[in-house]
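Just so you know, these numbers use all the heavy atoms, side chains as well, and skip hydrogens, waters and symmetry mates.
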Amino acid sequence: MIFLKTEDEIELLREANLLVGKTLAELAKIIKPGVTTKQLDKIAEEFIRDAGAIPTFKGFPNPYGGPFPASICASVNDVVVHGIPNDIPLNDGDIVSIDCGTSLNGFCGDSCYTFLVGDVSDEVRNLCKTTKEALYKGIEQAIVGRRLGDIGYAVESHCVSHGYGVVREFVGHGIGHNMHEDPQVPNYGKRGSGPMLKKGLCIAIEPMITMGSREIIMDSDRWTVRTRDGKPAAHYEHSLAVRAGKADILSSFEEIERVLGDKAI
């Protein structure tokens with residue numbers, strides 16, 4: 001069931017989502033070769049809890065395995081989504097997608113950003129650039145009167161035109177009191193198809209784009225999802241409210257990119 005949000009509820013969603021952006025900006029300050037994703041997870045959890053919020057990823061249930069053990073998903077290189085933070089240091093040339101969620105005042109925030117670690121190749125940088133562009137092309141379609149398929153078509157067509165793969169098994173979603181609500185928001189679709197977008201619909205759009213084939217595999221931990229061909233994947237995500245004329249982005253990359261400076265994509 002799709003629940004439309006009131007203006008008051010949208011503002012509470014904004015607070016939770018802006019906290020995610022601030023958390024990712026804290027991580028941006030220290031992401032470099034030699035840092036581990038477990039270190040990033042510790043900083044994120046402390047920052048979220050110090051703000052009076054709860055990291056929604058920690059303990060998130062998995063019908064195929066145990067609950068998620070960390071406060072962020074840290075997906076390095078060929079890991080598409082749901083990477084579990086570990087003690088392996090990041091290397092020069094890596095990319096790491098940090099997906100983060102918060103629960104604040106009864107509403108959820110959810111956003112993801114792919115960070116470049118040290119000196120990253122132009123090929124990988126272009127993958128990240130195209131994925132981020134696709135996110136905003138999807139957001140442009142998230143307005144009253146368009147349909148859900150318009151979002152997916154915009155994302156998919158942009159990425160495919162650059163020769164990249166679009167992961168289909170994992171999608172965006174509605175967001176509100178729960179991190180994952182109806183409707184599902186695929187990164188592929190047909191223009192003019194799917195439910196009509198209405199004012200007050202709050203969704204998370206999150207392109208997961210691969211350098212090669214879109215085929216994926218899952219590790220034995222039943223969380224970590226990788227590209228089958230071992231090529232890199234990028235992942236960017238914003239939560240937003242559907243409005244007339246222009247979507248209202250509730251999360252933010254501004255503080256992240258202020259920290260990154262000229263290293264931002």
Side-chain angles (χ1 to χ4, degrees), residues 31 35-38 40-41 56-101 110-117 120-121 123-132 134-135 138 151-152 155-173 179-180 184-189 204-237 265:
I31 290 176
V35 171
T36 71
T37 52
K38 190 169 277 190
L40 298 177
D41 180 62
T56 47
F57 289 9
K58 193 158 193 177
F60 196 82
N62 182 347
Y64 307 107
F68 195 75
S71 297
I72 60 171
C73 296
S75 303
V76 180
N77 295 334
D78 66 323
V79 178
V80 180
V81 284
H82 304 159
I84 297 174
N86 57 42
D87 290 317
I88 301 170
L90 295 171
N91 292 314
D92 187 60
D94 285 347
I95 55 173
V96 55
S97 299
I98 306 291
D99 196 353
C100 181
D110 189 10
S111 184
C112 182
Y113 197 91
T114 299
F115 295 90
L116 311 182
V117 183
V120 174
S121 70
E123 188 181 25
V124 174
R125 184 181 292 269
N126 287 335
L127 169 68
C128 295
K129 178 175 179 288
T130 301
T131 304
K132 187 179 173 192
L135 168 62
I151 296 174
V155 172
E156 180 182 30
S157 59
H158 184 68
C159 294
V160 170
S161 72
H162 286 78
Y164 298 130
V166 179
V167 171
R168 291 183 170 232
E169 292 83 355
F170 294 88
V171 298
H173 49 86
M179 184 168 60
H180 294 153
Q184 291 192 343
V185 184
N187 294 305
Y188 58 93
I205 300 175
E206 48 178 322
M208 289 156 268
I209 308 302
T210 64
M211 176 127 10
S213 167
R214 68 175 178 84
E215 293 185 4
I216 57 172
I217 56 174
M218 183 176 286
D219 283 2
S220 59
D221 62 25
R222 308 304 292 170
W223 280 107
T224 307
V225 175
R226 301 178 184 273
T227 58
R228 181 176 290 278
D229 59 15
K231 293 183 178 180
H235 179 196
Y236 291 84
E237 176 183 19
I265 289 292

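Partners of A74 by side-chain contact (heavy atoms from CB on, under 4.5 Å), not counting sequence neighbours, listed by chain and number: T37, I72, P85, V96, I98. The side chain to side chain donor-acceptor pair (under 3.5 Å) search around E215 returns R228, not counting sequence neighbours. In this structure, the side-chain contact (heavy atoms from CB on, under 4.5 Å) partners of Q184, at least two apart in sequence or on a different chain, are V171. Residues passing the salt bridge (charged side-chain N to carboxylate O under 4.0 Å, His left out) test with E156, sequence neighbours excluded: R168. Residues passing the salt bridge (charged side-chain N to carboxylate O under 4.0 Å, His left out) test with D219 are R226, sequence neighbours excluded.
From E206, atom CD reaches atom CZ of F170 across 10.5 Å, with rounding to the nearest 0.5 Å. Taken from CZ in F115 to CG in L40, the straight-line distance is 8.5 Å, to the nearest 0.5 Å. In this structure, the separation between OG1 on T210 and CD1 on I216 is 10.0 Å, given to the nearest 0.5 Å. Atom CD1 of I265 sits about 4.5 Å away from atom CG of L116, to the nearest 0.5 Å. For the atom pair CE of M218 and CH2 of W223, the computed distance is 8.5 Å after rounding to the nearest 0.5 Å. Taking CG of D221 as the start and OH of Y64 as the end, the distance is 14.5 Å to the nearest 0.5 Å.
Across V124 and P232, no two heavy atoms sit closer than the pair CG2-CG, 4.2 Å. A pairwise comparison of heavy atoms in T224 and G83 identifies OG1-CA, 4.2 Å as the closest pair. Considering every non-hydrogen atom in both G59 and P67, the closest pair reads O-CB, 3.5 Å. Between A70 and D41, the closest heavy-atom pair is CB-OD1, 3.4 Å. Considering all non-hydrogen atoms of both residues, H158 and A134 come closest at CD2-N, 3.8 Å. Of all heavy-atom pairs spanning A233 and V80, the tightest one is CB-CG2, 3.9 Å.
The main-chain N or O of A204 is never found under 3.5 Å from a side-chain atom of D110 such that the two would form a donor-acceptor pair. Although no hydrogens or angles enter the test, the distance criterion places a donor-acceptor pair under 3.5 Å between the side chain of S111 and the main chain of E237. Between the side chain of N86 and the backbone N or O of T36, no donor-acceptor pair lies under 3.5 Å.
Taking the side chain as every heavy atom from C-beta outward, L135 and I205 approach each other to under 4.5 Å. Taking 4.5 Å as the limit, every side-chain heavy atom of T130 sits out of range of all side-chain heavy atoms of I209. The side-chain heavy atoms of Y236 and C128, taken from C-beta on, include a pair separated by under 4.5 Å.
In this structure, H162 and Y164 have parallel ring planes: the angle between them is below the 30° cut-off, well short of the 60° mark.
The stretch residues 79-99 participates, sequence neighbours left out, in these salt bridge (Lys or Arg N to Asp or Glu O under 4.0 Å) pairs: K38-D87.
Taking the six-membered ring for Trp and the full ring otherwise, the centers of F60 and H180 sit less than 6.0 Å from each other.
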